[in-house]
Every structure is written in structure tokens, then in C-alpha cells.
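A quick write-up on the structure given underneath.
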Amino acid sequence: MIFNKKCSKFIAAVLTASMALSPVFVSPISADDGQDVETQASSWRYQDGDIIIDESPDAAEDSDGQLTEDYNAQMGSSEEEQTEEDSVEASAEASDEMTAAAADEAAEIETEEAIEAKSATEKNKYWTISGNKRYGYLKGIDVSYWQHTIDWAKVKSSGIDFAIIRCGYGSNTTSKDDSRFAANVKGCVANGIPYGVYLYSYANTEAGALDEANHALRLLADNGFHPDLPVYYDLEDKTVSKASNATIRKMATVFCNKLTLEGYRAGVYANLSWWNQKLSGFGTYDKWIAQWNSNCTYSGTYYFWQCSSSGAVGGISGRVDADLSMQPKAYMDSFMSGAYTQLASYVTGITAQDYEAYVTASDAAATVAGKKGPGRGYYGTAPFPDGTKVAVTRSANGYLEITDTEGSLGTAWIKSGNLAKGSDPKDFIDSVLYSYDGNVVKNQWVKVRGRTYYVDSEGIALTGRQTIGGKEYYLGADGVEVSNTLATIDGKQYYLGTNGLITKNSFVKIGSYIYGFGQDGVKLTGKKVRLGYKSYILDSQGRAYINKSKTREKTKYYAKPGSGKKGTLKKGKKIYVLRTSGKWSQMANGYWIKTSKTKKTAVYPEYQPDVAVKYKAKLKKKTTSRSGPSNNYIKKKTFKKNKKVTVIGTYGGWAKISSGQWLPLSRLKK
């Protein structure tokens, strides 16, 4: 998975049969821009740190002339280890082998055609290698320091859907960090390319695997990165293969468990032979299969397939590993948090909130699942029971970071909607309300799980009709306040305002109608009612008339506005109007009439003077009176200049005279 910068310069024109069956080794290079060059990597892909490049579908030899078992397995070839004598014989029969290879290549093309026909409707992304297409759901690459500077904008425009980026190799020391890791991640982020991460392993013990897991975690944490795709453990080196198969599986589990506990998706990279032998039976973490072949023959469930080392992509000089997602895009979308669109500021560097709060949910018995980070791409942590007191420290992307102040659940991220700010009481226990510190909550209004109560001196929620702070309230049978609604209490109707406050001596609009409530809070009916400075006429249901009118001409009335004629009214018929809707007015009997067919004779509410006075006055000039204290009221009688009137009270800039009409104060002089 590491490419030497001189890989693209090796001589491809190897014509002899013996050379066709021999691997090509690339000369070591010196460190570039601070990268410590690995000199120990040896696997089915490397010889002393140098990449072995051989795209033949049939074979590859190691430096001793012995066919490499893992490479053959990787290529879908025989897994039997050949002897040195067999290898020499194979070299001597080179021309026959080349003929056989050509036949195999033709067979592969036929297979590819079959695959293409089968897969085109499902997997429409592909890599073309040596003229053959290898299909998957999404198309990606994996890169490291050896690709040097990458133009990620060109990579994106080349149709790459994802990338997996090396963060480092081996033990947790800075000299083994991949010096291009941060730049590559930022390139993906800047161009909206979801990315994963891998770490190349040299470990052969569980302790070594844990150290390498910490290596990956350090690089992620130091940079503030949280990839959407998994963090993979690259198992291929010969130092790893020195361990037993059981130990290798344990190492993979140690690495993946550690990454998962820290909130990352985790997985393992290995070739087909390792998956079928050394890693057989390995757990449920994501699998990334390396098999450079026309198709992947691994029989288990896996996520990514590395199908070749010879991909060509705009923005990258030389060869690059070619990968395909073998799961539908919906699978990726199901866990992607969107973190790849943000850098360190996504999780760190957020202004601290520093307030106390408690976890809440609509169901009193519910628990809220915490997460390791602020998004659905982060794995869960311990649930927080409803009512748990927490301290809030940070926020990001609709999530809040919380710390359990009671000490048992630790730190996690939860959706902001699952948290209520403040240090409200925790819960009722045997009908008594207790606070977070264990003390009984007394003599106060409290909100518990979104419901409001008033608790008495013993911490018990009051119910029914109660006087609190000199005001009268009505609380439900379970103590929960009932707000902003009509309620029947002891056979009489009341209007309950905020926290169940009984409305008294007021008019209230409920739905489309206006109702009046008396000094005792009971709904008033069938009379002219004066409350404060306003006066309405109410019908038998307690609905207030908004005006009194008469018909301008003979006119029809309807069951509903514009339809269902019910009868006819003669000209000059007096009516009371309960409400209006558009161009229609509803009469006291419930029927509707066109407003244009009526003429107002009075408008309610009538206003009473706020200052009671009585004096004689006369008009300074000719003036028209109104039915109420505003120019918005109906014009009444017109008085001549110097007309004498008796003022009985004032309201704002208006004077009410003894005949019940209103005149502007500015027109009068005593």
C-alpha cells in the first residue's frame, strides 16, 4: 500500500520469459520533505521497504526465486507453495507460460464481460485495469506519503467517491507518522471527498497492536479529524506473520476495539489469503479485501475491495491503489456523520457552554443514548436515564457535550433536544418532588419533563382549585397545570390562562368568538356586560356581538358563506354580528349574510369613560359625533358650531356626552 516515487520509472519493456515471471524491485530513495522512509516493510507487496510491482494475473516470485504464496492467493492463483526447482523449471519454460498467460487473460476478459452484464444495473462504478472493468457501488483510492503532493480537486473531478489515507506505520512515535496525512485529509475535506484512514502494522503482539491503535488515535486527535469511513488496521507485513493466527486475530480485535471505544468506525485490511487463513473467523468489524483480480472471490461480507495497484487518477503522478465499495451508497450514508466536511472546529475549539442541565425525554421511563462525538457517525456510549443531572461543556452540529455530574456515566454527546437547561428538580418519588441534591423541593412552581406543577411545603403537587400568591388557579387531577383552555369546574365554565390561572373580569377571544368572564371567573351569558372600560352584548352561549347592523336592502342569508340558501331578510332588518370572515358576516342565529348588504348601527365593544367628570361645554366648530372614542367608530349625529353639550366622562382624547355619543376633546371648550 506504499509506493516508491520511482515506481513509475521502472522499465516496462521486459521481454524475456524469465523476467516476465520475476518481480520488479524499485531502488530505495532518500527521505523527502521530512518523511522517514521505511526500510523494513516486507510482505507480499514489499521487499525491504520497496514496492513489488507485478500486474500479472498468474504469479510473482520473491528474491529467492520462490513463488510468494500470499501474492498468488491475492491474485486468485494457486495457494500451494512451489519449490525452488519448480521455479527454475517454470523460468525455463517461459514461452509456454506466456502462451498460457495469454489464454488466461482471454478467459478473464470473457469473465469480465459476464460480470459487466450482471453488474451494470447494480454497480455502475468501475475501475478499468488492463482494459477490463472491475465493478462496485463507489469508486475510491488509498494513498500515502508515496503519492507525494496530490491535487485533490482533480482527484474529485476524476470521479473518485472516497479515499483511504495512511496516517502512519508501526509504533506510536512521531518518526513513524505519515508526513502527508494531514495535507491529504484537508484535501479531501476541501473537495467534499469522504475519507477513511489506515495504519500499516509491524506488530506481532497484542501490546504492539494497542500501541499502534494509540498511534492512529494520536494522529486523529492532534489534527481534530474524525473520518466518516473506518480506520483500518493494515495487516500484511512479515513481522506480523511471525505471530500465530490466533494472536493475529487478537491483535486485530485489540486495535478495532480501541478505535471503536474512542468513537471511530474500525476495520482490517488484508489480502485474500490472510482473510481465508490467518483472519478466518475474525469478528464483525469492517473488512477491506485486497485481491488484484477481475473480481473479489472472498465469500464473507466485506466493505471495500482493493482491486489493483495500477489505478490512474487525475491529480496523482504515477500509480495508485484502486478500490471499490462493495456495499451500496445507502450503507455509507447510514453512518456518515458529515464530519468530513469540517476540520478541527467540528469537534474542538467550540465555545464552552458551562451550564448545568438535565437529560429529558417525552417518556418518563426513557433513556437517551450518548455518543462519542457530535453526529450519527459516532459510536454510542452508556445511556443517560431521564432526569440525569449533567454539566454541558461544548456544542456542535445540533449536539451537546455533557458530563455526568453524578460520576457514573462519564462524558458523551447527545442531541440538544434531549437536554433541558437549568438545575430543575429531578423527579417525584412517592408523590414527593426531590431535587438533584436529594432535598425536597417546596413551595414553588417547577417544570419536570416539560410539565408544570406547584409543590407545597411537603413537596407534593397541588391539585384542583388553589389560591397561590393571592391568585386563583385550577390544577389537574395529577397536579399538572392546564393552560389556555375552557374548563368546566363544578358544572360552570372558566377560562384557564398560564399555569391554570382562572381568568376574571375579562373578555377573551377563544377560537373565532369573544367571551366574557365575570368577577368570579365564570363565563357570562345573555346580557350586556361591562368589564373595565369595555362593554359587549352577549348571547345565550356567552358569545359577544362585535357589532349591531341592519340590512340595506332585501337580501338572502345562507347556512355557510356562499352556499346553502336558508331564507331572506327584508330591508332594514336589525341583526347582531358575532364574527366576520372575508366578505361575510355571521349573525347571532348562526347563519351568514354578505357584509356589503348590511349597515352598521353600533360597534362593540362599547367603551366607558376612564375619567368620570361632568361639565357643560360647547363646540368650537361644526363636528360629527362617533359611536365610540375613535374615528374608527360609526359616524352619528352632526352638531353645529357653539352647540351646547354635557360631558359625562373622557377616554383618551375623546369626551362622552350625555346622549351617549363621543366627540373629540379638541373640538370642545368649557
Side-chain angles (χ1 to χ4, degrees), residues 1-2 38-49 52 62 66-74 79-81 142 144 164 166-173 175-178 196-220 230-262 264-291 296-304 306 379:
M1 295 175 64
I2 307 170
E38 308 98 305
T39 59
Q40 303 301 316
S42 293
S43 71
W44 61 273
R45 302 191 60 193
Y46 300 105
Q47 178 68 37
D48 294 332
I52 299 171
D62 63 20
Q66 180 175 321
L67 288 169
T68 305
E69 174 187 359
D70 285 341
Y71 190 94
N72 286 328
Q74 166 75 6
E79 294 183 2
E80 295 180 2
E81 182 175 343
D142 60 88
S144 70
I164 307 177
R166 190 183 73 164
C167 62
Y169 51 93
S171 58
N172 187 13
T173 60
S175 64
K176 295 181 179 179
D177 297 347
D178 189 310
V197 171
Y198 76 90
L199 183 131
Y200 186 96
S201 175
Y202 289 106
N204 52 33
T205 65
E206 292 177 57
L210 180 60
D211 186 52
E212 291 180 334
N214 288 326
H215 188 181
L217 289 170
R218 171 176 59 81
L219 287 165
L220 291 166
V231 179
Y232 285 101
Y233 198 27
D234 181 353
L235 297 178
E236 61 175 278
D237 199 83
K238 286 187 176 180
T239 60
V240 179
S241 66
K242 292 177 182 178
S244 67
N245 291 353
T247 299
I248 291 173
R249 289 192 292 270
K250 289 179 181 178
M251 288 166 49
T253 300
V254 165
F255 183 93
C256 291
N257 283 350
K258 181 65 175 177
L259 268 293
T260 298
L261 286 172
E262 296 301 322
Y264 300 91
R265 292 185 67 86
V268 172
Y269 165 94
N271 67 28
L272 181 66
S273 174
W274 280 52
W275 280 114
N276 288 335
Q277 297 173 37
K278 299 180 186 298
L279 289 166
S280 177
F282 173 68
T284 58
Y285 290 108
D286 284 299
K287 296 178 178 66
W288 180 11
I289 314 296
Q291 186 181 11
C296 183
T297 60
Y298 181 65
S299 60
T301 300
Y302 58 104
Y303 190 1
F304 289 130
Q306 186 189 77
Y379 279 78

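Model, not experiment: these values are computed from the prediction. FYI, side chains are in, hydrogens and waters are out, and symmetry mates aren't considered; it's all heavy atoms of this structure. Numbers here are sequence positions counted from 1.
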| Please walk me through it: do Tyr232 and Asp286 pass side chain to side chain contact (heavy atoms under 4.5 Å, CB included)? | CA-CA 8 Å; Tyr232 285 101; Asp286 284 299; 3.8 Å; yes
| said: Return the OH to CZ distance between Tyr303 and Arg265, rounded to the nearest 0.5 Å. | reply: 7.0 Å
| query | After noting the C-alpha distance and the side-chain angles of Tyr298 and Asn276, does the key distance pass the side chain to side chain contact (heavy atoms under 4.5 Å, CB included) rule? | reply | CA-CA 8 Å; Tyr298 181 65; Asn276 288 335; 3.8 Å; yes
| said: Quick check: do Lys287 and Tyr269 have side-chain heavy atoms less than 4.5 Å from each other? | reply: no
| task | First locate atom CG of Leu272, then atom SG of Cys296, and finally report the distance between them rounded to the nearest 0.5 Å. | result | 6.5 Å
| task | Compare every heavy atom of Ala209 with every heavy atom of Ala203, then report the nearest pair and how far apart it is. | result | CB-N, 3.8 Å
| task | Apply side chain to side chain contact (heavy atoms under 4.5 Å, CB included) to Val268 and Trp275, showing your working. | result | CA-CA 10 Å; Val268 172; Trp275 280 114; 3.7 Å; yes
| Note, Thr247 side chain near Asn204 side chain (heavy atom, < 4.5 Å) | no
| Given Val231, which of Val197, Thr260, Leu219, Leu217 fulfils the side-chain contact (heavy atoms from CB on, under 4.5 Å) condition? | Val197
| task | Calculate, to the nearest 0.5 Å, the distance between atoms OH and SG belonging to Tyr198 and Cys167 respectively. | result | 9.0 Å
| request: Return each pair, listed once, that meets salt bridge (charged side-chain N to carboxylate O under 4.0 Å, His left out) where at least one residue sits in residues 242-251; pairs must be two or more places apart or across chains. | output: none
| Are Thr239 and Asp237 linked by a side-chain donor-acceptor pair shorter than 3.5 Å? | yes
| query | Is the Phe304 ring parallel, tilted or perpendicular to the Trp288 ring (thresholds 30°, 60°)? | reply | perpendicular
| Test: Arg218 and Asp177 ion pair at under 4.0 Å | yes
| Got a sec, which residues hit side-chain hydrogen bond (donor to acceptor under 3.5 Å, both in side chains) with Thr205, two or more places apart in sequence or on another chain? | none
| request: Would you indicate whether the side-chain heavy atoms of Trp274 and Leu235 approach each other to under 4.5 Å? | output: yes
| Hey, mind stepping through Leu199 and Arg166 against side chain to side chain contact (heavy atoms under 4.5 Å, CB included) and telling me if it holds? | CA-CA 6 Å; Leu199 183 131; Arg166 190 183 73 164; over 6 Å; no
| message | Once rounded to the nearest 0.5 Å, what's the spacing between atom OG of Ser273 and atom NZ of Lys278? | response | 7.0 Å
| Measuring from Ile289:CD1 to Gln306:CD, what's the distance to the nearest 0.5 Å? | 10.5 Å
| Who passes side chain to side chain contact (heavy atoms under 4.5 Å, CB included) against Asp211, sequence neighbours left out? | Ser171, Asn172
| For Tyr233, all residues meeting side-chain hydrogen bond (donor to acceptor under 3.5 Å, both in side chains), sequence neighbours excluded | Ser201, Glu212
| query | Just how far is it from atom CD1 of Ile248 to atom CG of Leu279, taken to the nearest 0.5 Å? | reply | 6.5 Å
| field | Partner residues of Tyr285 under the side-chain hydrogen bond (donor to acceptor under 3.5 Å, both in side chains) criterion, sequence neighbours left out | value | Asn257
| query | Can you check whether Gly170's main-chain N or O pairs, donor with acceptor, with His215's side chain at less than 3.5 Å? | reply | yes
| What pairs with Ser280 under side-chain hydrogen bond (donor to acceptor under 3.5 Å, both in side chains), at least two apart in sequence or on another chain? | none
| field | Partner set under side chain to side chain contact (heavy atoms under 4.5 Å, CB included) for Ala213, not counting sequence neighbours | value | Phe255, Lys258, Leu259
